[in-house]
Visitor: 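Dropping the structure in here first, questions after.
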Protein chains: 2
Amino acid sequence: MGMPAGQRRMRADARRNYERLLAEAEIAFTEQGTEVSLEYVARRAGVAIGTLYGHFPTRQALLEALMRGRVETLGTRARELLHHPSPEEALYTWARAAVAHTSVYQGLATSLMSSFEAEDSALHAACQAVVSAGELLLTRAQQAGVIRADASAADLFTLISAIAWTSEQVPAEQAERLLSFALDGLRQTQATLPTSGFSRSPGRVIGPASDG
Amino acid sequence: MGMPAGQRRMRADARRNYERLLAEAEIAFTEQGTEVSLEYVARRAGVAIGTLYGHFPTRQALLEALMRGRVETLGTRARELLHHPSPEEALYTWARAAVAHTSVYQGLATSLMSSFEAEDSALHAACQAVVSAGELLLTRAQQAGVIRADASAADLFTLISAIAWTSEQVPAEQAERLLSFALDGLRQTQATLPTSGFSRSPGRVIGPASDG
DNA sequence: ACCTGAACACCGTTCAAGT
DNA sequence: ACCTGAACACCGTTCAAGT
């Protein structure tokens, strides 16, 4: 699979252990989610628990190594899609791919979202990379006038994460419906209905909300 | 606080322990989320761990007892809002309240969503109650023609849960932005833009997604 | 330079013994 | 009828000792 981030050379047995841990972690995380027992991972890889900690000092470090390839793929895909004739369809296609790649393990969406907020997290750079990739397509679609101008790259990331979380929890069709609705909400609107245009101004979420 | 679900009478000391457990659980869950140590809860309440298990055989049972009041409130609120002059605003107001009530503990949205899927869960009835409450306002708004007819009560519940999860993870303003976008996606649309009306038909989320 | 596994702290859950 | 807390199984994390 991959190589440790900065490292140049490793002893042969260390390299073997590293690869084996990554491969078995992929299986274990897929089976049981991001909270799977690290002892279980080490057991699967046939190494002592200390060896796992030697290579991956935190669970996040392990998750980061597992996600590296997927994050790169999303970046590449975004740059490819910049050449798609429809800016709108390009954005939507990429968003679907991003949801797919960030919901491969139960709990991944939550890990990513919290890493997005925490700058010191091992996964924070990965989140930033996804944000930047999405921003390319978002900006293009906004310049084409098909996506509302007040949506930010952070909004897009949050939306993708929320749908990824949803698709971890419910059947694929249900998550897909929500994604469709949400993407519709991103479209450039222009006078939808002849209803009283009451404004949904961002405000408190909680509240007594004067009734009628 | 509340009363045990079916039970009629309890010994005085048992009732005291029950109430104390519930009160301390509320604090502990608020502090540390739904995965807080149950031993911590028992310790706070000044009872042995076995006493906690005697009253609440599972973590979900405890969560269910904590949520009972909030779920009832949401039902009442929905019925009140049926008299609100604007069906759209009524729905949106209730949705915001629902998000607020289902994101009071870190991890609550995930518990609720998984209980929505699992019919044997202790929290499943609570989820159903929320779905039914939302359905009242959704149906009314659809009959008024302001909300798209293809949105279901399950869609609304999923949307609320997804935003509740989001607001557990990120600052309130960010979650509020996403909610606004999502609610816009629920509006009855009628020809938004003079763009080629490429159709986002529900399909796979993953996929090679033929590029351009 | 890397690996091992015992050690420590902590938790979920059950259940025999008490009152 | 209810409470207690020891017992068991399991896990996260560290680190002295090995090779």
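Residue numbering restarts at 1 for every chain, and letters A, B, ... go by the order of the sequence lines. All of these numbers come straight from a predicted model, not from anything done at the bench.
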Visitor: Looking just at side-chain N and O atoms, do A/Q174 and B/T158 make a donor-acceptor pair shorter than 3.5 Å?
Guide: yes
Visitor: With side chain to side chain donor-acceptor pair (under 3.5 Å) as the test, pick out the partner of A/E80 among A/H84, A/H83, A/R77.
Guide: A/R77
Visitor: Using atom NE2 of B/H55 as one end and atom P of D/dT4 as the other, report the distance to the nearest whole Å.
Guide: 9 Å
Visitor: Rounded to the nearest angstrom, tell me the gap between atom CD in B/E39 and atom P in C/dA9.
Guide: 15 Å
Visitor: If the cut-off is 4.0 Å, is B/N17 near the phosphate of D/dC3, judged by side-chain N/O to OP1 or OP2?
Guide: yes
Visitor: Taking the side chain of A/D13 as its heavy atoms from C-beta onward, which of C/dA6, D/dA6, C/dC2 lies nearest to it?
Guide: C/dC2
Visitor: For A/G50, report the nucleic acid contact type (base, sugar-phosphate, nothing); a contact means any heavy atom under 4.0 Å.
Guide: base
Visitor: Any salt bridge (Lys or Arg N to Asp or Glu O under 4.0 Å) involving residues 148-166 of chain B? Give me the pairs, sequence neighbours left out, ordered by first then second residue.
Guide: A/R177-B/D155, A/D184-B/R148, B/R148-B/D150
Visitor: When the distance from CG of B/L63 to P of C/dG12 is rounded to whole Å, what number comes out?
Guide: 14 Å
Visitor: Whole Å only: how far is the CE atom of A/M10 from the C1' atom of C/dC2?
Guide: 9 Å
Visitor: Between A/E31, A/E35, A/E26, which is the residue that forms a side chain to side chain donor-acceptor pair (under 3.5 Å) with A/Y105?
Guide: A/E26
Visitor: If you compare every side-chain N and O of A/S37 against the phosphate oxygens of D/dC10 (OP1, OP2), does one of them come in below 4.0 Å?
Guide: no
Visitor: For B/R15 and D/dA1, what is the distance between atoms CZ and P respectively, to the nearest whole Å?
Guide: 17 Å
